[in-house]
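Okay, so here's the structure we're looking at.
Letters A, B, ... mirror the listed sequences (proteins, then strands); counts begin at 1.
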Amino acid sequence: EPEVTQTPSHQVTQMGQEVILRCVPISNHLYFYWYRQILGQKVEFLVSFYNNEISEKSEIFDDQFSVERPDGSNFTLKIRSTKLEDSAMYFCASSEEAGVSYEQYFGPGTRLTVT
Amino acid sequence: SQQGEEDPQALSIQEGENATMNCSYKTSINNLQWYRQNSGRGLVHLILIRSNEREKHSGRLRVTLDTSKKSSSLLITASRAADTASYFCATSRWRNEKLTFGTGTRLTIIP
């Protein structure tokens, strides 16, 4: 069964460093999302991406964050200058075009630890 | 309460019993999705119910949706130890829109 994959599974970085989190969505999906979950808290939406552009972003997704689909398979989240409060589990998700099936399927997550 | 709030926050039952979790939300929705999360792991999609549906089944799972009360319930029948996890509901206002998650119910199945 197709699934969303994410790398790395765990990333440790120092405050102020740049990190890139990578995701490979399900191949026939057209909508892509990033969410995060701070330990013990609810899952929060960061950004959605469709047709090679951001379709919606949350207040969390400030200028330090960016997303890119550099090729036909990868979807990346970049944090330019990490802060301690960026420590969280980051999830990528994808869904098909509406009208067919629009369940959002999530990857296993990348645990980001900022020290 | 916030959009997508589950109750109870925690539930412990004996293996073999049924588990019921509830979710309430505030705004109009297009669909509601339930997810399972094992400790520290990813979110596993369980079931999606559309706003024009009232009930849906998948294996041992039964989901109901009452749009007049803005609430949904997830029933797991004949629970197993492997069902121990956190369960989240998530809503979206239209198809393919971002999901707004609830706070989750932590379910513990006692063998």
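For A/Glu56, the salt bridge (Lys or Arg N to Asp or Glu O under 4.0 Å) partners at least two apart in sequence or on another chain are B/Lys98.
Cluster annotation: A/Val43 is not connected to A/Tyr105 through the hydrophobic network of ILVMFWY side chains, with a link wherever side-chain heavy atoms come within less than 4.5 Å. Both B/Leu107 and B/Leu46 are part of a single hydrophobic cluster, where members link through side-chain heavy atoms under 4.5 Å apart. Hydrophobic clustering (side-chain heavy atoms under 4.5 Å, transitive across Ile, Leu, Val, Met, Phe, Trp, Tyr) groups A/Ile54 together with A/Ile60. The hydrophobic cluster containing B/Leu74 does not contain B/Val44, counting ILVMFWY residues as joined when their side-chain heavy atoms lie under 4.5 angstrom apart, directly or transitively. No continuous path of hydrophobic side-chain contacts links B/Phe88 to A/Tyr90 [ILVMFWY only; heavy atoms under 4.5 Å].
Here the straight-line distance linking atom CD of B/Gln33 with atom CD of A/Gln104 works out to 6.0 Å at 0.5 Å rounding. Atoms CD and CG, on A/Glu103 and B/Asn31 in that order, are 8.0 Å from each other to the nearest 0.5 Å. Here the straight-line distance linking atom OG of A/Ser55 with atom CD of B/Glu97 works out to 9.5 Å at 0.5 Å rounding.
Atom CG of A/Asp63 has 12 or fewer neighbouring heavy atoms from other residues, nucleotides or ligands inside a 6.0 Å radius. More than 12 heavy atoms of other shown residues, nucleotides or ligands fall within 6.0 angstrom of atom CD in B/Gln14. Around NZ of A/Lys57, the count of heavy atoms belonging to other residues, nucleotides or ligands within 6.0 Å does not exceed 12. Taking a 6.0 Å sphere around CD of B/Glu53, one finds it holds more than 12 heavy atoms contributed by other residues, nucleotides or ligands.
Side-chain contact, B/Arg50 with A/Tyr102: a donor N or O sits under 3.5 Å from an acceptor N or O.
Of the atoms belonging to B/Gln37, it is side-chain heavy atoms, and not backbone ones, that fall under 4.5 Å from chain A.
Closest non-hydrogen pair, B/Asn96 versus A/Tyr33, comes out as O-OH, 2.7 Å. Across all non-hydrogen atoms, the minimal contact from B/Arg41 to A/Phe91 is O-CZ, 3.7 Å.
Between B/Tyr35 and A/Phe106, the angle of the ring planes goes over 60°, which puts this pair in the perpendicular group of the 30/60° scheme.
Taking non-hydrogen atoms and a 4.5 Å limit, the residue list of residues 2-19 of chain A in contact with chain B is empty.
Here the side chains of A/Tyr35 and B/Phe101 are in contact, with some heavy-atom distance below 4.5 Å.
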